[in-house]
Amino acid sequence: MLFRSILNIQINAILFDKIEKKYIWFASDFGLSRLDTETNDWKSYASKEGLTAKKINSIAQDKNGDNYLLWVGTDDGLFKYSPLRDFLVKVSPPEDFAEVKSINALAVDAAYVLIGSSNYGLVVYHKEKNSWQSYTRKINGENANDHILSILIDPFEPSSVWFGTRLHGVIQFDKINNIWQDFDQQNIIARSLSIDIDDNIWSAASLCSGGGAFKYNKNEGKWFYTDPLISIEDKFDLTWRKY
């Protein structure tokens, strides 16, 4: 019954558990679900399991965590899942920190959880210190209203983080030098990001006139756009902007 019902709802994220190597997690507009691929059993997570949010937008697995396995981004903030308790706990910012409600994207490294939100752009949670920090990007002296949809920590350049946004296309952040790099992509909605073995950045995006896949070749410093309907590649000569 759960399998049938999950086919009829909006799925926002899917994650294969690389630690237990048997679970597949599904984030949806109606909660969090887990499939045990060995037994084919489904389990749903709701308020009884500590998950007070209904709309789940993103899931990220923590490779270095001993006491928890997953981070869950929702329309009611950030949650941490403990496999030992099979329970979720909400991780709330301190009172003097802005409340981060709608979390669209998550990425995890050794020390931090990177949070992409609708209302506050990039927010970082320091796991060991239990502290929060916001990162504001400025364009022409004003705060950029970055509605972040996806996050990619570059495995070839760990200091580099890529963001897909609703208003400014793909942007990049250099953590070491605290430099934002931006393309002139006002008409591109970058919904998801990935990287291939040749170190090319890929973005699944929507355009005002349709959609397609964008590939960024780092060596050439160029974007390529592929329209899946006509299979023609065009170069996008987009200049970097630094802030």
Side-chain angles (χ1 to χ4, degrees), residues 12-16 18 57-61 63 104-118 121-124 135-243:
N12 301 316
I14 301 175
L15 182 141
F16 177 72
K18 295 181 180 179
N57 301 315
S58 54
I59 323 169
Q61 187 163 38
K63 297 180 181 179
N104 301 315
L106 293 173
V108 182
D109 64 13
Y112 305 97
V113 180
L114 279 67
I115 301 168
S117 69
S118 297
L122 173 62
V123 177
V124 174
Y135 286 81
T136 302
R137 190 170 66 100
K138 292 186 179 295
I139 296 180
N140 298 327
E142 297 183 0
N143 292 345
N145 184 19
D146 289 324
H147 184 134
I148 296 176
L149 300 175
S150 53
I151 304 175
L152 172 66
I153 298 175
D154 196 325
F156 297 101
E157 302 174 48
S159 64
S160 179
V161 184
W162 298 81
F163 299 92
T165 74
R166 182 177 296 280
L167 299 175
H168 302 107
V170 178
I171 56 179
Q172 184 205 31
F173 180 56
D174 182 336
K175 294 189 294 183
I176 294 179
N177 298 306
N178 195 31
I179 295 175
W180 293 92
Q181 295 184 324
D182 198 309
F183 295 105
D184 188 11
Q185 295 178 318
Q186 289 90 346
N187 297 325
I188 297 175
I189 302 173
R191 299 188 180 277
S192 63
L193 295 170
S194 187
I195 190 168
D196 62 26
I197 59 174
D198 296 320
D199 198 13
N200 297 307
I201 301 294
W202 288 83
S203 172
S206 299
L207 300 170
C208 293
S209 58
F214 288 81
K215 180 181 75 173
Y216 177 65
N217 185 305
K218 294 181 182 178
N219 293 328
E220 294 187 28
K222 300 285 187 181
W223 283 94
F224 296 85
Y225 169 61
T226 300
D227 187 332
L229 297 179
I230 58 177
S231 299
I232 294 178
E233 278 198 344
D234 294 312
K235 283 189 177 181
F236 275 54
D237 188 4
L238 302 177
T239 305
W240 285 104
R241 296 177 181 177
K242 294 187 179 182
Y243 300 94

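Please read all numbers here as calculations on a predicted model, not as lab measurements.
Among all heavy-atom pairs drawn from Gly121 and Ile148, the shortest one is C-CD1, 3.5 Å. Heavy-atom minimum distance, Ala60 versus Val108: CB-CG2, 3.7 Å. Taking all atoms of both residues into account, the shortest heavy-atom contact from Ala205 to Ala190 is CB-CA, 4.2 Å. For the residue pair Ser150 and Leu193, the shortest heavy atom distance occurs at OG-CG, 3.6 Å.
The distance from atom CG of Asp199 to atom CZ of Phe156, rounded to the nearest 0.5 Å, is 5.0 Å. Here Asp109 contributes atom CG and Leu114 contributes atom CG; the two are 6.0 Å apart, rounded to the nearest 0.5 Å. To the nearest 0.5 Å, atoms OG (Ser160) and CG (Asn177) are separated by 11.0 Å. The distance from the CD1 atom of Ile59 to the CD atom of Gln61 is 10.0 Å, given to the nearest 0.5 Å. Within the model, atoms CG of Asp182 and CD1 of Ile171 stand 6.0 Å from one another, a figure rounded to the nearest 0.5 Å. In this structure, OG1 in Thr165 is found 11.5 Å from CD1 in Ile151, a value given to the nearest 0.5 Å.
Under the rule for a ring pair (Phe, Tyr, Trp, His ring centres under 6.0 Å), the partners of Tyr135 that lie at least two apart in sequence or sit in another chain are Phe173. Asp174 is linked by a salt bridge (Lys or Arg N to Asp or Glu O under 4.0 Å) to nothing, counting only residues two or more places apart in sequence or in another chain.
In this structure the side chain of Asn104 reaches within 4.5 angstrom of the side chain of Asn57, judged on heavy atoms. With contacts defined as side-chain heavy-atom distances shorter than 4.5 Å, the pair Val170/Phe214 does not qualify. Between Leu149 and His147, the closest side-chain pair of non-hydrogen atoms falls below 4.5 Å. Looking at Trp180 and Leu122, their side chains come closer than 4.5 Å, going by heavy atoms from C-beta outward. Counting heavy atoms from C-beta outward, Val124 and Val113 have side chains that stay 4.5 Å or more apart.
Applying the salt bridge (charged side-chain N to carboxylate O under 4.0 Å, His left out) definition to pairs two or more places apart or across chains, those involving residues 144-159 are Arg137-Asp146, Asp154-Lys218, Glu157-Lys218.
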* Taking it one step at a time, do Asp198 and Lys215 satisfy salt bridge (Lys or Arg N to Asp or Glu O under 4.0 Å)? -> CA-CA 11 Å; Asp198 296 320; Lys215 180 181 75 173; over 6 Å; no
